[in-house]
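Atoms within each ligand, like the ligands themselves, are counted from 1 in listed order.
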Amino acid sequence: MSNKVTVELQRLPHAEGLALPTYQTAQAAGLDLMAAVPEGEPITLAPGQYALVPTGLAIALPPGHEAQVRPRSGLAAKHGVTVLNTPGTIDADYRGEIKVILINHGASPFVIKRGERIAQMVIAPVLQATLVPVATLSSTDRGAGGFGSTGR
Ligand SMILES: O=c1ccn([C@H]2C[C@H](O)[C@@H](COP(=O)(O)OP(=O)(O)OP(=O)(O)O)O2)c(=O)[nH]1
Ligand SMILES: [Mg+2]
C-alpha cells in the first residue's frame with residue numbers, strides 16, 4: 001500500500017534561505033517545521049510564555065486530508081517546550097501561513113532562532129461525518145462508563 005500523497009507547498013518570502021521541511025528518516029511520520037523568525041531576531045519564551053511562531057510556509061492539501069502540527073519530543077524532554085494546541089489542525093482549504101503555537105513549560109528561557117526545528121507536521125486522512133440525530137443510541141457493555149470506570 002502506498003502511503004504517499006502530493007501536497008503543494010508555497011514558500012513565503014520570509015522563508016527564503018530556509019531548508020524545505022523533510023522527513024528525517026525513511027519512515028518518519030512527521031516533516032520537521034522550521035522557525036522563520038528574522039535572522040538575528042530570535043523569539044525568547046520566558047517560562048510559562050507562549051508565542052505564535054512563523055514557518056514561512058503555506059500548503060494546499062488534497063481534499064479529505066489534514067495536517068497535524070505536533071510537538072517534537074526532544075524539545076519537550078530537554079526544555080519543557082511543546083505545542084500549546086497540540087495537535088494543531090491545518091485544514092485542507094487553509095491557504096495562509098502555517099504557524100506553530102509554542103509554549104515554554106520549562107524553568108529556563110527558551111530561545112527560538114531562525115531555522116530551528118520547532119515542531120513536526122503529520123499529513124493524515126480525515127473523515128467528515130454526516131450527523132444523524134436519534135432519540136436513543138445503540139447500547140454497549142461500556143454504556144456511559146468512562147473517566148476511570150475500568151479502574152485506575
Ligand atoms: O497550530 C495551528 C493551528 C491552525 N493553524 C491554521 C490552519 C487552520 O486551518 C487554521 C484554523 O485553525 P483552527 O480551526 O484550529 O482555529 P480556529 O480558532 O477554529 O480558527 P478558525 O475560526 O479560522 O477556524 O489556522 C495554524 O497555522 N497552526
Ligand atoms: Mg476552526
Side-chain angles (χ1 to χ4, degrees), residues 1-134 137 142 144 146-148:
M1 189 194 87
S2 167
N3 64 342
K4 309 290 184 198
V5 64
T6 300
V7 176
E8 291 178 4
L9 176 83
Q10 181 185 22
R11 299 162 94 169
L12 303 172
H14 55 288
E16 200 181 307
L18 288 181
L20 277 184
T22 48
Y23 293 104
Q24 298 285 315
T25 61
Q27 290 300 320
L31 290 153
D32 282 342
L33 294 173
M34 269 80 71
V37 295
E39 194 74 57
E41 292 178 42
I43 295 176
T44 299
L45 292 180
Q49 201 182 5
Y50 64 87
L52 208 49
V53 183
T55 65
L57 301 174
I59 58 174
L61 290 160
H65 292 74
E66 63 161 336
Q68 300 175 4
V69 179
R70 300 191 193 170
R72 293 188 65 213
S73 63
L75 292 184
K78 293 178 197 162
H79 305 285
V81 170
T82 188
V83 176
L84 178 57
N85 58 327
T86 185
T89 304
I90 310 298
D91 299 289
D93 51 4
Y94 179 69
R95 297 292 178 270
E97 180 177 9
I98 297 171
K99 295 185 181 175
V100 178
I101 310 171
L102 277 188
I103 183 162
N104 181 5
H105 287 304
S108 313
F110 183 74
V111 179
I112 305 160
K113 297 190 188 117
R114 183 172 180 79
E116 180 149 4
R117 289 180 292 141
I118 50 172
Q120 58 187 318
M121 181 170 75
V122 175
I123 310 298
V126 284
L127 298 176
Q128 273 192 340
T130 301
L131 296 178
V132 182
V134 294
L137 297 172
R142 174 181 283 275
F147 314 101

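With sequence neighbours left out, R72 forms a side chain to side chain contact (heavy atoms under 4.5 Å, CB included) with D32, L75, R117. Qualifying side chain to side chain contact (heavy atoms under 4.5 Å, CB included) partners for L20, counting only residues two or more places apart in sequence or in other chains: L9, R11. Shown here are the side chain to side chain contact (heavy atoms under 4.5 Å, CB included) partners of V111, two or more places apart in sequence or in another chain: P42, T44, K113.
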Within the protein, flag every N or O under 3.5 Å from an N or O of ligand 1, and note the pair and distance.
{"from": "ligand 1", "atom 1": "1 (O)", "to": "N85", "atom 2": "ND2", "distance (Å)": "3.1"}
{"from": "ligand 1", "atom 1": "9 (O)", "to": "D91", "atom 2": "N", "distance (Å)": "3.0"}
{"from": "ligand 1", "atom 1": "9 (O)", "to": "D91", "atom 2": "OD2", "distance (Å)": "2.6"}
{"from": "ligand 1", "atom 1": "27 (O)", "to": "K99", "atom 2": "N", "distance (Å)": "3.0"}
{"from": "ligand 1", "atom 1": "28 (N)", "to": "K99", "atom 2": "O", "distance (Å)": "2.7"}

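Counting non-hydrogen atoms of neighbouring residues, nucleotides and ligands closer than 6.0 angstrom, the CZ atom of R142 reaches no more than 12 such neighbours. Atom OH of Y50 has 12 or fewer heavy atoms from other residues, nucleotides or ligands within 6.0 Å.
For the atom pair CG of L84 and CD1 of I103, the computed distance is 5.0 Å after rounding to the nearest 0.5 Å.
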